[in-house]
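These notes concern the structure reproduced below.
Since we're looking at a predicted model, the values are computed, not measured.
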Amino acid sequence: MARKSRRQAQNIGAAVAENNNLTITKERIKTAAYARLSVEKETDESIETQITMLYQYIAGHSEYDLIDTYADNGHTGTDFDRPEFNRMMDDVRAGKIQCIVVKDLSRFGRNLVETGYYLETLLPKLNVRLIAINDDFDSSREEDRNSLAVPIKNLVNEMYSKDFSRKATSYYELHSQRGDAKILNTIYGYNVDRENNVLVPNPETAPIVQVIFRWYLSGCSLADIVKRLKLIGVMTPECYKRLHNGNNNLPATDRWKSERVRNILVNPSYIGDTIHGKRRKTLYKNIPAHKTPKEEWIVHHHTHPSLISDEDFNKAQEMFESVCKSNTIKKIAYQKNRELYKDFFPQKVVCADCGNTMQFQRYSHDKRSSTVDGAYYMCCGDDITPACRKRIYSEYLRLVVVEQIRRLGAAISGYKSVIEDIQAGRADNSARRSLDAKLNHVSYKIAELDEKLTVLYENFAEGIVDAEDYQMMKERYQGERAALQKRSEELCEEKRKMEKDILSFLEMEKDLSGFLKEHSSHEELINKFVEKVYISGDDRIEICFCCDDILERIRNMTEVTEERSDEV
């Protein structure tokens, strides 16, 4: 029967579908809408305008199926580390997105190198299409992918961003010095009067700031203030900002923390001062955002109503300095104690009776003092096994273990000459010599069987042996040969492991003797050679060295073997 061509098969399929009134629909493309607007608005366009434009484009093309919308508001295009962009790329890698639609290429990115990487390498590799509406760019069209206009546009976008940054930086510096820079972001406790470009007290949050200062000045610690704010249900600055900006997507994990309270207590804005330049970035000089030292801040005094008096604010700063100085002293003492009483066996000391890892604890005879008088390891138990409260002093354990390491070094040195003789083949009765003899014997037996198989075939060819006897004897010889071949492979593997153990032993001996000769620190010795230390209730200490397995095999290797060399 003649084969039908592919075209004929397609025509037949179409005719069958038409006759049965079937509608063949093409699967729609899973599409993402991505919008971005910088911190410093490049145009008067809002992020909502961009998103509306993307929706209209997608709605006008039936092949696209809008899966999700991603919008980075307040993020520069020169940096691809944007939260919504990262979320979109995670969905792309998960296979949820097949096409990305943006207003133009500058919305996708303003970095020539990274934008080129996404367009030319990453997105094609992930089989994802990119459409830039205003640039009439579609990565599914070959002429667009190969067009010289695309890298030129990306270069122009990057240069525009840098030029805009230079102008914006100059504008900001000028108006910061004059004190009339536009207030972009409000401060907790204030609202922004946009008409007069000034901060005014917020009747809802200003009292919170004032009560935080009163609590601190009355002797409450930062942790106590956090507890009080949580207890009375005060909304965090971030949650309050989002809620009053019309964003009901409040962060579930946002909580009051000591650092957040501290930032309020040290903010000069609450005494009426305006601060510029706490953080700076200069895109056109490739200087990323960074904190600046206090000496570089631009300060204008009494530019808006104060919430806290100068006297109370200065007193709070003095209290902070006193606490910081005290914490610094404690930190220095703590570091000295840590150096004096180190944990030489991190996660290595185990209770032999209950199996728990014993915890390292420092102690002091005077609990009010910051000094440390010693340290010990204690069995504190866990959620499953109760604690037996066994303890051993760290200094005693360290001395015992180091002494055992020195004895280990002496024992290993005693094996060195024997192992070197075995490696060089000078030891007559070693395990390796016995192994070589076994290998030679097996090889000789295999050669014998090969000779027998050859003679058997010749006898069969000359008619001396009939077919039935030939087949029976051939199978027997081949079975014996297969068994010998397997044994030969096992012996070769055993020899390979033996040679590996010899090399490992000699390297270990070299390391240990080097450590001991150079009087290396106990910490280095323990980290290198001790795997676990088991402490029993009868004060017995069992040390498990990292090299125990190799040492056991080396001992067996050096023993005189009484096996006959012809034994297989």
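Relative ring orientation between Phe108 and Tyr34 is described as perpendicular, the plane-to-plane angle rising above 60° on a 0-90° scale split at 30° and 60°.
Taking a 6.0 Å sphere around OH of Tyr363, one finds it holds more than 12 heavy atoms contributed by other residues, nucleotides or ligands.
Using a 3.5 Å distance cut-off with no hydrogens or angles, the side chains of Ser221 and Tyr216 do not pair a donor with an acceptor. For the residue pair Asn202/Tyr188, the side-chain donor-acceptor check at 3.5 Å is not satisfied.
Heavy atoms only, all atoms of each residue included: Leu105 and Ala132 are closest at N-CB, 3.8 Å.
A salt bridge does not link Asp135 to Arg107: none of the charged nitrogens lies less than 4.0 Å from a carboxylate oxygen.
Distance CD/Gln50 to CG/Asp104: 7.5 Å, rounded to 0.5 Å. In this structure, the separation between CG on Leu130 and CG on Leu119 is 6.0 Å, given to the nearest 0.5 Å.
Side-chain atoms of Val198 and Val200, non-hydrogen and from C-beta on, do get closer than 4.5 Å to each other.
Close placement of the Tyr118 and Phe85 rings is indicated, their centers lying within 6.0 Å of each other.
Annotation: cation-pi pair Arg362/Tyr341 absent, no NZ/CZ under 6.0 Å from the ring centroid and within 45° of its normal.
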Atom pairs and distances, donor-acceptor, side-chain atoms in residues 256-264, under 3.5 Å, two or more places apart:
residue	atom	partner	partner atom	Å
Trp256	NE1	Val234	O	2.9
Arg260	NH1	Asp254	OD1	3.2
Arg260	NH1	Asp254	OD2	3.3
Arg260	NH1	Arg255	O	3.3
Arg260	NH2	Asp254	OD1	3.3
Asn263	ND2	Glu259	O	3.3

For residues 56-68, dump all side-chain donor-acceptor pairs below 3.5 Å to protein atoms at least two apart in sequence or in another chain.
residue	atom	partner	partner atom	Å
His61	ND1	Tyr57	O	2.8
Tyr64	OH	Arg129	NH2	3.2
Asp68	OD2	Arg87	NH1	3.0

